[in-house]
Amino acid sequence: MAARHPGLLGELAAEFAGTMVIMLFGLAAVAQAAAGGIGDHDSIVWAWGLAVVLGIQVAGRISGAHLNPAVTIALAAFRGFAWRKVAPYSLAQLLGAFVAALLVRWNYTEILHAADPGLTIKTQGVFSTLPGNGTLPVGEWGALRDQVIGTAILLFLILAITDATGTPPATGLAPFVIGLIVVAIGMAWGTNAGYAINPARDFGPRLASFLTGYTGAFRDQTGYLYFWIPIAGPVIGGLLGAGLYETLIGRFLPTAPQAGSPPGTEEPGALGTAPDRTAGRVPG
């Protein structure tokens with residue numbers, strides 16, 4: 001019996017659920033460490049990476065598991081994803097992050113208020129990123145630069161991992177490799193701006209925290225209206241990274257998997273990329 005296409009509603013539900021799963025683990029790990037004193041930088045980085053693996057596992061088969069507006073926009077620009085779906089996908093991702101943040105905020109209410117009764121910049125970083133993680137001497141433009149570079153790395157590597165005509169991982173392993181990419185970015189590029197590398201990851205929780213008592217949520221530690229940087233930086237960086245991949249690698253690959261290609265090249269990748277580089281790159 002032929003498989004039933006989930007339709008746009010099914011794809012949006014998958015993007016919502018997958019993004020929510022990522023945020024539930026990532027934000028809670030930060031809350032544990034920052035407000036509860038349980039965990040550290042490494043536990044946070046690994047939690048985000050594992051969360052990405054789980055989110056992709058939830059949404060991958062239905063929507064391609066973009067789970068990030070920067071990914072969605074880059075795939076529309078370079079991989080044939082339908083532009084008409086960019087706004088709905090991005091909104092579903094934003095809502096997933098927002099709902100997850102509300103749940104984390106509710107669950108950790110006691111320790112957040114105990115650690116920071118005024119709900120100030122001290123624990124604002126549980127939900128949204130800050131330049132220099134709120135303490136180090138990094139300005140807004142340095143944070144923007146960081147977000148552009150970090151997200152460019154993310155998209156460059158995602159396209160490399162999911163390109164069926166390159167050397168993709170064995171079937172089923174792509175989500176784990178992408179999770180490791182997020183871990184590596186957190187370990188190497190987390191200082192200047194908290195490696196949001198995802199507009200939904202930052203803005204959804206930022207809005208949730210603002211609505212639940214963090215009155216300064218849209219500003220950084222200097223009072224600057226910072227919220228736009230983790231939105232613009234990842235979008236620009238995602239386009240740059242995807243464009244660099246296509247320029248340096250993608251255009252030189254064959255148009256279809258060759259005989260003897262590694263296992264897994266015959267099936268769509270974790271982000272919905274298809275074996276033929278000339279058509280049907282992602283669900284659209």
Side-chain angles (χ1 to χ4, degrees), residues 11 14-33 39 41-75 89-90 92-101 103-104 126-129 147 150-163 168-190 193-205 230 234-235 237-238 241-242 268-273 282:
E11 293 171 12
E15 288 295 303
F16 172 88
T19 308
M20 183 172 66
V21 166
I22 293 176
M23 298 301 120
L24 284 173
F25 286 96
L27 296 175
V30 183
Q32 267 196 160
H41 171 268
D42 287 354
S43 68
I44 291 170
V45 167
W46 279 105
W48 279 112
L50 291 170
V52 167
V53 174
L54 298 174
I56 294 173
Q57 290 293 123
V58 166
R61 181 57 63 183
I62 296 175
S63 68
H66 299 186
L67 313 180
N68 181 341
V71 171
T72 299
I73 292 169
L75 293 180
Y89 264 54
S90 298
Q93 295 153 6
L94 176 63
L95 288 174
F98 176 77
V99 170
L103 288 170
V104 172
V126 168
F127 300 98
S128 54
T129 59
Q147 285 300 285
T151 316
I153 294 170
L154 176 69
L155 263 296
F156 187 98
L157 293 175
I158 283 177
L159 264 61
I161 292 301
T162 61
D163 198 328
T171 302
L173 290 182
F176 294 93
V177 177
I178 293 170
L180 288 176
I181 291 170
V182 173
V183 171
I185 291 173
M187 288 184 169
W189 294 87
Y195 76 109
I197 57 176
N198 180 341
R201 172 264 175 272
D202 191 84
F203 188 75
V235 170
L271 291 171
T273 51
V282 295

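Shown here for A14 and A59, the closest heavy-atom pair between the two residues is O-CB, 3.3 Å. P169 and V177 make their closest contact through CG-CG2, 3.8 Å (heavy atoms, listed as atom of the first residue, atom of the second, distance). Taking both residues in full, the closest heavy atoms of V58 and A17 are given as CG1-CB, 4.1 Å, listed atom of the first, atom of the second, then distance. Shown here for Q147 and A193, the closest heavy-atom pair between the two residues is NE2-CB, 3.7 Å. Taking all atoms of both residues into account, the shortest heavy-atom contact from F127 to P205 is O-CB, 3.0 Å. Taking both residues in full, the closest heavy atoms of L155 and A74 are given as CD1-CB, 3.7 Å, listed atom of the first, atom of the second, then distance.
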Which side-chain N or O atoms in residues 46-56 pair as donor and acceptor under 3.5 Å with protein atoms at least two apart or in another chain?
none

Please set out all donor-acceptor pairs under 3.5 angstrom arising from side-chain atoms of residues 181-188, sequence neighbours excluded.
none

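Distance check, rounded to the nearest 0.5 Å: CG of L103 to CE of M20 gives 7.0 Å. The structure places CH2 of W189 at 4.5 Å from CD1 of I153, a figure rounded to the nearest 0.5 Å. Here the NE2 atom belonging to H66 is positioned 11.5 Å from the CD1 atom belonging to I73, to the nearest 0.5 angstrom.
For A70, the side-chain contact (heavy atoms from CB on, under 4.5 Å) partners at least two apart in sequence or on another chain are N68, T151, P199, P234.
The shortest distance between side-chain heavy atoms of P168 and I161 does not fall below 4.5 Å. Inter-residue side-chain proximity for L159 and L75 is flagged as met; some heavy-atom pair is nearer than 4.5 Å. The shortest distance between side-chain heavy atoms of Y89 and E11 falls below 4.5 Å.
A donor and an acceptor atom, one from each side chain of T129 and D202, are located under 3.5 Å apart. Residues E15 and S63 have side chains that bring a donor and an acceptor to within less than 3.5 angstrom of each other.
No option in I22, N198, V71, T72 other than T72 meets the side chain to side chain contact (heavy atoms under 4.5 Å, CB included) test with Q93.
Within a 6.0 Å sphere centred on CZ of F98, other residues, nucleotides and ligands contribute more than 12 heavy atoms.
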